[in-house]
Structure formats: structure tokens, C-alpha cells
Amino acid sequence: MINPFDALDLILSNVEEVGYEVIPVFDAMNRVAYENVKSKVNLPGFDNSAMDGFAFKYEDLEKCNGKFQIQGTISAGDFNDYKIENDCECYRIMTGAKVPEGADTVVEFEKVDEKDGFIILQDEIKRGKNVRKIGEDIKVGDEIDIKGKFLKSWDISRLISCGIFNVKVYRRLKVAVVATGDELLVPGEIPNSEKIYDANSYNIKLLLQNYGIDASYFGVAKDDSDEFLKLFDQFKDYDAVISSAGISFGDFDVVTNAFEKRGTKWLFKNVKQKPGKPFSFALIDGKIPFFALPGNPVSAFFCTFFYVLPVLRKMLGFKKYTNSFVYAKLMGNMTKKNKRFHFNRVSVKLNDGEFLAFPFRTQDSHVISSIFFGNAFAVIEDERVGEIPAGERLKCYLYDHESIF
Ligand SMILES: Nc1nc2c(c(=O)[nH]1)N[C@H]1C(S)=C(S)[C@@H](COP(=O)(O)OP(=O)(O)OC[C@H]3O[C@@H](n4cnc5c(N)ncnc54)[C@H](O)[C@@H]3O)O[C@H]1N2
Ligand code: MOO
């Protein structure tokens, strides 16, 4: 059986980035930039004052004994041609206003004595103080390194400030999500004591929404492989398909049976892991990724987090598409019975600069509370069995970064 890390690498090596589209920058939040861009402007656009004060020529300081005559007032947005024409002249200047020609330093109002149209500097001042230089932040034509970045508000603001109003982004992904199982009810249907709600599909759909993917929910497919096979006509319009359940060894395991009838080969079937052992992967018609997740809600969630999301992030052009992890100190004993890799639900907390991992009381794959309780999957190597004692440091893959604080 393939190990989980090799399985992930194998899928990643079989998918490619999608193409791009050009969209207004205002709509580019949570989209991935397709290429680096060049600034169209200097920032700042001209030498301007960082303070309300007086602008003067630093060279004059000694010969004028720190005393300057005020020539006028310059406000932000005033672009008249002000100039220091003679020795010992200065201008009143406001924050953001253009520094007059010849001046190179600004002293704040509160650091001068002002009288009869003159100022006298009270303290020493450095050359260039309080002047924001043209192009100090970015110059016209400088490259903005955004390729592969998942654009946030501050990135959009950066682009706008650089005069960029249209941006190339990776196109959106079209993903199909389908649950299988005669025992399932579509969320919203009238409760029935013999049936359970499809808890997987919405988790998957909403996890994808974080990346701007509006996945199509195909509802619940019955345990009838001929019926399931009919869906493949529709799947061909998608960039990826995600199913849950019907993938292990049961007589009615519809996904397994449909693939067998269709003659589609799995890249791998089953992974040496818990939760999610039945997880399998194929390329439909040699190109469309098909993620066959197990039905147990914890298994389906783990496989979406560990496999589907990094793979979709790669397809979406993310520069960093892998999951993040920290090493955390285990705060309670755990036991491990089999020789699979375990990804146990823990709640990681940052305490005094140290990550602590509190394990959930049970690690069974049907107990949804464990996902709700935790924020990370702690990895235990395949060969280890028996007690995993408190105090050990474990690699923990975080699925909810904010809750560690
Ligand atoms: N003989 C064997 N049986 C099983 C094995 C095995 O190796 N040999 N593996 C077990 C493991 S591990 C898992 S995990 C499950 C997963 O099997 P399937 O992926 O085929 O899923 P089902 O059997 O159809 O369902 C499992 C479980 O999950 C519930 N379920 C299914 N879909 C949903 C949904 N959308 N929302 C909520 N709950 C769902 C379903 O009712 C079952 O209780 O197989 C073991 N069996
Ligand atoms: O793989 Mo299953 O999710 O171990 O229960």
C-alpha cells in the first residue's frame, strides 16, 4: 500500500496549473496572480514632506545660524513651482506636500521658534530629515513580485497604488462534489431515523470556497454503479471531481464498481493511513483528477485537507501549495494499534512560545466531534505501535491556524 506522502507527491506530479484570465484588480481578492507586474508610477511620486513644518536647504544652516525667512505656505496637492531662490529662505509645508526646489530638509513646527516671518531652529537636525524621496518605496518599471500569490486586500491596495487596474489571474477551477450511499439524505431534507445527512459534501464545498472555488454539488448518488456511470458525461466539463464513500470493499461500493465497469485504472487504491485508508485517485480519461474519498466524515475531511486542497492549490497556481505544520509537545498519552501512518486530531495551542498538542479522547473515523475539537492532524509514523507517551514532539498539520492562539 502506498504511503500518504508518496501518494500526495504522485497526485501532484500528475496535475498542471490552469490558464489565466484578465480581470479588474478590484475583483482580484482571493485569486492567484498569474505573473509579476511592473509599477506604472514612482512611489512616492515626488519628494514630499513627512511632517507639518518648514522646508529649507540644509547647506544654509550654518551660514544662516539656524534662522530662515518664511516665503509662503505649501499645502498637499499644491503643485506650483516653489523654489528656494536665496540663502536663508524656507517655506511652511504640510504633510504630503511637494518639497520646494532647492530644499532638502523639513523641521517640524514644534521644533522652531517662529516670530515676525522668521523661524529659528531650536535643536540640531539631520540632512534630509522628514523628506520622503521620489521612488523610495518603488520606482516606475520596478517589478512587483506577485506571481503565485493568493491576493489579499493589501496586495490589491499595492497594485492600485502602483497604477495597475487590470490583473492576470489563474482562472477559477470547476469542481464537482458528489456523495454516494443509499443511507444518505441531502441536507435540508426531512429527518428520517434510518438515514443520515450527507455531512461530507458541504464540508468539502466550503473548504474549496476559501480558494474562490464555487464547487457544484451533485447531491447524493445512489449505490447503483450504472446510474453513477451516467454522471461521467457531466464530469468531463470539470477540472476535478471529488466523491465520498463507496470506495472500499463492500458489495455496494458504487465508486469502486463504476470504475471497474468503466475500466478506469486507479493511480493508487488505498493508502497506508488512518483516517482515510480507502482513499483512491485516478485521472478520468487520462486527464481529470478524480479524488475518491472514504465516507467516514473524519476520513473525508482529512483526505480533503491533506490531498485535495494542496493539489487544487497547485492547479490554481499557488507558489506555496503545501500544507503548513508545526512541531508540538503532546499533552496526553495516545495509543496506536496498527502499522499505518496516523493523523490524529489534536488541538494545538501556542503557550509561552511553545506549541502544545492536546489529543482528542477518541480517534475513530466516524466521530465528527474530533474535527470540531481539534485544529490539527498530528502525524505518527507507520511502524510505531503501542503507547505514544505525553511529552513527545509531533509534527502537526494545522487546518485552523487562527485557533492556536
Ligand atoms: N472489509 C473492509 N471493510 C472496511 C474497510 C476495510 O479495509 N475492509 N475499511 C474501513 C475503513 S478504514 C473505512 S474509512 C470505511 C470507508 O468506506 P467507504 O469509503 O467505502 O465508505 P462507506 O462504507 O460507504 O461509508 C463509511 C461510513 O461513512 C458514512 N458516510 C458515508 N458518506 C457519508 C456522508 N456523505 N456524510 C456522512 N456520513 C457518511 C456511512 O454511512 C458509513 O457509516 O470502510 C471501512 N470498511
Ligand atoms: O481509514 Mo478509515 O478512515 O481508518 O476509518
Side-chain angles (χ1 to χ4, degrees), residues 1-4 7-8 176-189 191-208 215-225 227-228 231 241-260 266 268-282 290-308 334-345 360 362-372 374 377-380 382 385 397 399:
M1 216 184 306
I2 190 166
N3 90 42
L8 177 59
V177 176
V178 61
T180 71
D182 288 345
E183 76 279 29
L184 297 182
L185 285 173
V186 168
E189 281 185 333
N192 169 338
S193 59
E194 287 161 10
K195 295 206 169 196
I196 57 171
Y197 282 115
D198 167 16
N200 292 339
S201 299
Y202 268 83
N203 195 5
I204 299 165
K205 189 172 157 59
L206 297 174
L207 283 165
L208 269 52
S216 305
Y217 177 41
F218 274 54
V220 174
K222 296 290 161 209
D223 286 330
D224 175 336
S225 53
E227 282 299 309
F228 194 78
L231 294 176
V241 181
I242 306 167
S243 69
S244 66
I247 187 61
S248 50
F249 299 92
D251 298 349
F252 304 100
D253 278 333
V254 60
V255 180
T256 306
N257 296 342
F259 270 69
E260 201 169 307
W266 297 103
F268 57 81
K269 189 131 177 13
N270 299 317
V271 181
K272 197 179 181 190
Q273 64 186 11
K274 183 175 170 60
K277 186 182 73 174
F279 173 57
S280 306
F281 180 82
F290 189 106
F291 300 88
L293 313 185
N296 278 320
V298 176
S299 315
F301 173 59
F302 167 71
C303 293
T304 307
F305 167 79
F306 194 77
Y307 301 99
V308 178
M334 298 193 293
T335 47
K336 181 169 174 288
K337 293 192 187 116
N338 60 45
K339 289 196 171 181
R340 285 188 253 160
F341 283 88
H342 279 213
F343 293 86
N344 284 4
R345 270 74 63 218
F360 190 62
T362 159
Q363 296 292 339
D364 291 338
S365 305
H366 63 287
V367 184
I368 303 182
S369 322
S370 68
I371 309 173
F372 184 74
F377 293 101
V379 187
I380 309 165
D382 50 348
V385 283
Y397 284 92
Y399 58 83

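As a basis for the values below, the full set of heavy atoms in this structure was taken, side chains included, without hydrogen atoms, waters or symmetry mates. What you are looking at is a predicted structure, and each value in this text was computed from that prediction instead of being measured. When a ligand or atom number is given, it counts from 1 through the structure's own listing order.
Among Asn296, Ile371, Ile368, the one residue that satisfies the side chain to side chain contact (heavy atoms under 4.5 Å, CB included) test with Phe301 is Ile371. Screening Trp266, Phe291, Phe259 against Ser280 for a side chain to side chain contact (heavy atoms under 4.5 Å, CB included) leaves a single residue, Trp266. Between Phe218 and the options Val178, Ile242, Val241, Val177, a side chain to side chain contact (heavy atoms under 4.5 Å, CB included) holds for only Val178.
Every atom of ligand 2 with a heavy atom of Ser299 under 4.0 Å away is listed here by number and element: 2 (Mo), 3 (O). Near Lys277, with a cut-off below 4.0 Å to any heavy atom, the atoms of ligand 2 are 1 (O). Close approach of ligand 2 to Pro278 is summarised as follows: ligand atoms under 4.0 Å from at least one heavy atom of the residue are 1 (O). The ligand atoms of ligand 2 that sit less than 4.0 angstrom from a heavy atom of Asn296 are 5 (O).
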Filter the ligand 1-protein atom pairs down to N or O on both sides and distance under 3.5 Å, then list them.
{"residue": "ligand 1", "atom": "7 (O)", "partner": "Lys277", "partner atom": "NZ", "Å": "2.5"}
{"residue": "ligand 1", "atom": "17 (O)", "partner": "Ser248", "partner atom": "OG", "Å": "3.0"}
{"residue": "ligand 1", "atom": "19 (O)", "partner": "Gly295", "partner atom": "N", "Å": "2.9"}
{"residue": "ligand 1", "atom": "20 (O)", "partner": "Gly246", "partner atom": "N", "Å": "3.3"}
{"residue": "ligand 1", "atom": "20 (O)", "partner": "Ile247", "partner atom": "N", "Å": "2.9"}
{"residue": "ligand 1", "atom": "20 (O)", "partner": "Ser248", "partner atom": "N", "Å": "2.9"}
{"residue": "ligand 1", "atom": "20 (O)", "partner": "Ser248", "partner atom": "OG", "Å": "2.8"}
{"residue": "ligand 1", "atom": "20 (O)", "partner": "Asp253", "partner atom": "OD1", "Å": "3.4"}
{"residue": "ligand 1", "atom": "21 (O)", "partner": "Gly295", "partner atom": "N", "Å": "3.4"}
{"residue": "ligand 1", "atom": "24 (O)", "partner": "Gly246", "partner atom": "N", "Å": "3.2"}
{"residue": "ligand 1", "atom": "28 (O)", "partner": "Gly295", "partner atom": "O", "Å": "3.4"}
{"residue": "ligand 1", "atom": "28 (O)", "partner": "Asn296", "partner atom": "N", "Å": "3.2"}
{"residue": "ligand 1", "atom": "28 (O)", "partner": "Asn296", "partner atom": "OD1", "Å": "3.4"}
{"residue": "ligand 1", "atom": "30 (N)", "partner": "Gly295", "partner atom": "O", "Å": "3.4"}
{"residue": "ligand 1", "atom": "35 (N)", "partner": "Asp198", "partner atom": "OD1", "Å": "2.7"}
{"residue": "ligand 1", "atom": "35 (N)", "partner": "Asn200", "partner atom": "ND2", "Å": "3.2"}
{"residue": "ligand 1", "atom": "36 (N)", "partner": "Ala199", "partner atom": "N", "Å": "2.9"}
{"residue": "ligand 1", "atom": "41 (O)", "partner": "Glu183", "partner atom": "OE2", "Å": "2.6"}
{"residue": "ligand 1", "atom": "44 (O)", "partner": "Ser248", "partner atom": "OG", "Å": "3.4"}

Exercise for the section: List the steps, then state whether ring-ring contact (aromatic ring centres under 6.0 Å, His included) holds for Phe268 with Phe279. Expected result: CA-CA 9 Å; Phe268 57 81; Phe279 173 57; 5.6 Å; yes
Exercise for the section: Might you work through the ring-ring contact (aromatic ring centres under 6.0 Å, His included) test for Tyr307 and Phe281, ending with a clear yes or no? Expected result: CA-CA 10 Å; Tyr307 301 99; Phe281 180 82; 9.2 Å; no
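Considering both main-chain and side-chain atoms, Ser365 comes within under 3.5 Å of ligand 2 through a nitrogen or oxygen pair. At a 3.5 angstrom cut-off on N or O pairs, Gly276 counts as close to ligand 2.
Contact check for Arg340 versus Lys272: side-chain heavy atoms found under the 4.5 Å cut-off.
Although no hydrogens or angles enter the test, the distance criterion places no donor-acceptor pair under 3.5 Å between the side chain of Asp198 and the main chain of Gly219.
Closest to atom 4 (O) of ligand 2 among all protein heavy atoms lies Arg340 NH1, 3.1 Å.
Surrounding CD of Glu260 are at most 12 heavy atoms belonging to other residues, nucleotides or ligands under 6.0 Å away.
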